[in-house]
Amino acid sequence: MVKNITNDIRKTFINYFQKQDHVIVPASSLVPKNDPTLMFTNSGMVQFKNYFTGAEKPPFPRAATVQKSVRAGGKHNDLDNVGYTRRHHTFFEMLGNFSFGDYFKEKAIYYAWELLTKEIGLDKSKLCVTVYHTDEEARTLWKKIAGLKDEDIIPIATKDNFWQMGDTGPCGPCSEIFYDHGEQYWGGRPGTPEEDGDRFIEIWNLVFDQYEDLPDGSRIETPKKSIDTGSGLERVSAILHGTNDNYGIEIFTQLIEGAASIAGVEPYGDHKTSLRVIADHLRSTSFLLADGVLPSNEGRGYVLRRIMRRAMRHAHLIGCQDPLMHKLVPSLVETMGEAYPNS
Ligand code: SER
């Protein structure tokens, strides 16, 4: 069997946080339980929302997950960008560690830095971070723990460094870790006009949860300060694959090449965009169906229907007359079945 780097990263992440006394919690369903404010699970913290707000007592003080997530419809919606960029997805996986009133900024920064630079082995000189512009504590900790220079700790005053789960719910300032893929790519550091380029890529967001947004528009302090972190598995895997293109990792190349071969087209030629759409949408469609969402005319089902129709349109564009998507499912199971045996 071909080496699966993405599987190895999941395991490294889980083993590391197990060693740091975190309970490894299985990924929750893509359909959030008892939460009408959210269409889909869009990050790792969703299943723990009530622990952050204090509405429920957490059964453990710290946890870690590899969370399947969908960002299509609702506040975090990436659907229309998918296919045209190197790193937008409707479905992705988020590696996250969480503290429910247990550790706060210092340990969160320490764990992220140690995991990335020692366990995963990223080159420190390629990393820089952002902090919320008023967060002097985070700046000091990055210097102390990671030995980063002043210019590698970038203050950001916008909502990019203030995370909100949705219109209501837990939120707080955050600190993001970026990887520099090198000057062969266009793009600038966070906070510069070129920040949306493909050179500096955010790979981990550490959220220092200390507030909750209420339905009446007010923001209150939560009873305990907590940590919610999220690292895009596909982005970290892309680095270890030697690329800044998430679609260059084995999970995607297998689907892209499979679809191209069925359609009889070049995998990385003129139909590149459509093949990316197909690979991405196959993942969201399969995982949403497995979690019980069915295509329909409203709500979640309508978003799924839009995703499926978009995938089918792109299958048509690459010349497929017959249904394509179901033929790719065995390949998806081969690359992701080990991590998601129940999906
Ligand atoms: N919730 C934060 C995010 O989605 C960190 O996990 O970026």
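Order of appearance sets the numbers: ligands from 1, and atoms from 1 within every ligand.
- In summary, the side chains of Tyr247 and Glu234 do not present any donor paired with an acceptor at a separation below 3.5 Å, with no hydrogens or angles considered.
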Only distances under 3.5 Å count here; give the side-chain donor-acceptor pairs of residues 53-60 to other protein atoms, sequence neighbours excluded, each with its distance to 0.1 Å.
residue: Thr53; atom: OG1; partner: Asn50; partner atom: O; Å: 3.4
residue: Thr53; atom: OG1; partner: Ala55; partner atom: N; Å: 3.3
residue: Glu56; atom: OE2; partner: Asn50; partner atom: ND2; Å: 2.8

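- Ile109 and Tyr179 fall within a single hydrophobic cluster, where Ile, Leu, Val, Met, Phe, Trp and Tyr are joined by side-chain heavy atoms under 4.5 Å apart, directly or via other members.
- In terms of the side-chain contact (heavy atoms from CB on, under 4.5 Å) criterion, residue partners of Ser231 (sequence neighbours excluded) are, by chain and number, Leu95, Trp204, Val236.
- If you look at ligand 1, the protein residues with a non-hydrogen atom under 4.0 Å away are Ser43, Met45, Arg71, Met94, Trp163, Asn205, Val207, Asp228, Thr229, Gly230.
- Contacts of Lys11 classified as salt bridge (charged side-chain N to carboxylate O under 4.0 Å, His left out), with partners at least two apart in sequence or in another chain: Glu338.
- Asp245 pairs in a salt bridge (charged side-chain N to carboxylate O under 4.0 Å, His left out) with only one of the listed residues (Arg86, Arg87, Arg276), which is Arg276.
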